[in-house]
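In what follows, a single structure is set out as structure tokens and then discussed.
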Amino acid sequence: MSTTTSGTQGLTATGVPAMPFWLTIIRGVIIVFALGALIASAYNLSLFGGYGAYLSGYTGPAGFMIFDAIFTWLILGCMLASEFFAPQLYIRIAFVIALILCAIFWLSAWAWAASVASSFFSWYNGFYKDGTLSAYGGSMAAAAAIGAVNWVLIIVFLVFFVRACMCNPQSQNFPARDPVEAELGESKPPQPAQTYQPPQVYQQPVNA
């Protein structure tokens with residue numbers, strides 16, 4: 001019961017939990033992959049404009065993928081900004097909920113994009129052999145692949161972020177940045193201040 005209570009307190013606490021540095025690297029990779037998905041989706045929309053309305057809605061999965069990329073940047077941007085500049089505003093449970101929504105959105109986006117790309121390659125490009133249709137399906141497939149990888153990365157980061165929060169149940173207003181202790185999932189206890197003491201000089205007694 002105490003472990004469950006401690007884990008719950010860790011999720012609802014404020015402040016930056018002790019995290020290994022590779023989680024920061026994963027966040028950077030997620031941001032880059034979100035940019036790649038946005039570029040592929042924007043190129044897809046530039047090919048046919050509103051043509052996707054006949055198959056998958058006005059902007060289709062490409063528009064949803066662009067929304068996911070921007071949503072991801074907002075989440076990770078706020079997380080990194082508060083982590084380094086305003087740790088007192090680091091609300092862990094808010095980031096956990098936002099990351100769960102982000103993972104659901106990416107799952108929906110890449111699955112939708114993969115379905116549309118498969119339809120284009122199976123029906124339209126199979127009959128017409130048009131270069132523009134091939135580019136449309138290829139860019140959609142590329143966006144789906146990038147989105148799938150990003151979805152996996154977000155799941156991995158979410159799992160280890162929750163674990164880090166549960167291992168650090170105390171609220172704190174400073175960023176925990178010790179790499180060795182963060183790898184162990186432990187916070188470094190404060191060290192007592194050491195005062196400088198001058199060396200003692202031994203004086204030999206003088207014989208009278």
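Count residues from 1 along the sequence.
- Contact of the F160 side chain with the P20 side chain is not registered, since no non-hydrogen atoms from C-beta on lie closer than 4.5 Å.
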Identify every side-chain donor-acceptor pair in residues 33-40 under 3.5 Å, counting partners at least two apart or on other chains, and give the distances.
none

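- In this structure the side chain of R92 never reaches within 4.5 angstrom of the side chain of T12, judged on heavy atoms.
- Atom CG of L74 is separated from atom CE of M79 by 12.5 Å, given to the nearest 0.5 angstrom.
- Heavy-atom neighbours of I31 CD1 from other residues, nucleotides or ligands within 6.0 Å: above the threshold of 12.
- By the 4.5 Å heavy-atom criterion applied to side chains, N150 and M65 are not counted as neighbours.
- With values rounded to the nearest 0.5 angstrom, F161 atom CZ is found 6.0 Å from M19 atom CE.
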Pairs under 3.5 angstrom only: tabulate donor-acceptor contacts from the side chains of residues 93-111 to other protein residues two or more places apart or in another chain.
| from | atom 1 | to | atom 2 | distance (Å) |
| --- | --- | --- | --- | --- |
| W106 | NE1 | T72 | OG1 | 2.7 |
| S108 | OG | I104 | O | 3.0 |

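- In this structure, the side chains of I66 and L45 come closer than 4.5 Å at one or more pairs of heavy atoms.
- Once rounded to the nearest 0.5 Å, the distance linking CG of D68 with CD1 of I154 reads 8.0 Å.
- The shortest heavy-atom contact between A114 and A144 is N-CB, 3.6 Å.
- Cluster annotation: I146 and V32 are assigned to distinct hydrophobic clusters (Ile/Leu/Val/Met/Phe/Trp/Tyr, side-chain heavy-atom contacts under 4.5 Å, transitive).
- By the side chain to side chain donor-acceptor pair (under 3.5 Å) test, S139 is found to be paired with N44, residues two or more places apart in sequence or in another chain being considered.
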